[in-house]
Amino acid sequence: MTDLAVIDVLAALRTRGQEAYLGEPVTVTEHALQAATAAQAEGRPAPLVVAALLHDVGWLLHAGPRPHEERGAEFLALQGFGPQVTEPVRLHVQAKRYLCTIDPDYRSHLSSASRRTLGRQGGLLDEEAREGFATHPFSSDALALRRYDDAAKVPGAPTPELEHFARLVDLVRGA
Ligand code: FE
């Protein structure tokens, strides 16, 4: 599906992740590190920390007709990650749509770039879609990931280096 399927997932962050993250004041890699650091600080299980780190890897792959969360989840499955990683990644945009639907306050606190993309991502959920998300076995992990994602846009916020998470990534992938 992409040339990146043959290289290490962290290498993608090391190289291509240095680009600005879609209208936000951080790079993709800073964003990833901040999200993973927040998940780890809350004592989340390793797969969710890794999902937070890798949730936007789809942005680093070749653009295509499919949304970045689906490209990312598929890529991570090819890399050997299981559903505890791939599902929260695949659902992190649906989680945003869900939260915007049920919580107007959430919506008003989104970054302006994130509010702008909501429409393109399908907007608010109808009742059926809302129910489908709420009953999905990985919805609570996806919601947690979404909160880390939303908060991970702080210029200059201190985080460990990528290498800090490398062992965790290998551990989770081998599980
Ligand atoms: Fe993100």
Side-chain angles (χ1 to χ4, degrees), residues 2 4 9-42 44 46-64 66-77 79 81 84-101 103 106-123 125 133 136 138-162 164-165 168-169 172:
T2 163
L4 283 180
V9 64
L10 289 187
L13 280 175
R14 249 178 239 121
T15 55
R16 301 190 189 188
Q18 304 310 319
E19 294 160 27
Y21 172 52
L22 209 74
E24 306 287 359
V26 288
T27 67
V28 176
T29 300
E30 286 168 334
H31 175 64
L33 287 171
Q34 288 182 26
T37 301
Q40 200 162 50
E42 285 193 0
R44 294 292 183 168
L48 191 53
V49 175
V50 169
L53 183 73
L54 303 177
H55 76 276
D56 273 336
V57 78
W59 286 128
L60 307 179
L61 311 175
H62 286 312
R66 291 161 60 239
H68 83 283
E69 66 276 19
E70 285 179 20
R71 295 200 307 271
E74 185 180 324
F75 169 68
L76 293 172
Q79 291 265 328
F81 294 96
Q84 287 174 300
V85 174
T86 60
E87 287 301 277
V89 170
R90 192 174 63 78
L91 290 170
H92 81 275
V93 171
Q94 195 74 351
K96 166 183 160 184
R97 295 177 63 198
Y98 178 80
L99 287 167
C100 284
T101 306
D103 183 359
Y106 169 83
R107 190 175 176 181
S108 66
H109 285 92
L110 282 177
S111 70
S112 53
S114 197
R115 230 171 308 149
R116 267 201 308 278
T117 51
L118 176 66
R120 215 186 311 139
Q121 291 166 334
L125 298 182
F133 178 81
H136 192 284
F138 285 99
S139 63
S140 65
D141 281 353
L143 289 170
L145 170 51
R146 187 68 222 184
R147 302 276 187 189
Y148 303 136
D149 181 2
D150 293 329
K153 300 172 177 180
V154 182
T159 65
E161 299 285 312
L162 213 41
H164 168 82
F165 295 102
L168 210 58
V169 168
V172 167

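Numbering of ligands and ligand atoms starts at 1, following listing order. In this chain, numbering begins with 1 at the start of the sequence shown.
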Handout entry: Side chains of Phe165 and Leu10 in contact at under 4.5 Å (non-hydrogen atoms)
Key = no
Handout entry: Side-chain ion pair, Asp103 and Arg107, N-O less than 4.0 Å
Key = no
Handout entry: Pairing of Asp150 and Arg147 as salt bridge, 4.0 angstrom limit
Key = no
Handout entry: Check against side chain to side chain contact (heavy atoms under 4.5 Å, CB included), Gln84 and Leu48
Key = CA-CA 7 Å; Gln84 287 174 300; Leu48 191 53; over 6 Å; no
Problem - Geometric class of the His68/Trp59 ring pair [parallel <30°, tilted 30-60°, perpendicular >60°] - result: parallel
Exercise for the section: Assign the ring pair Phe133 / Tyr98 to parallel, tilted or perpendicular, where the plane angle (0 to 90°) is split at 30° and 60°. Expected result: tilted
Completion exercise
Excluding water, the protein N, O or S atoms sitting under 2.8 Å from the Fe ion (ligand 1) are Tyr21 OH, His31 NE2, His55 NE2, Asp56 OD2, Asp149 OD1
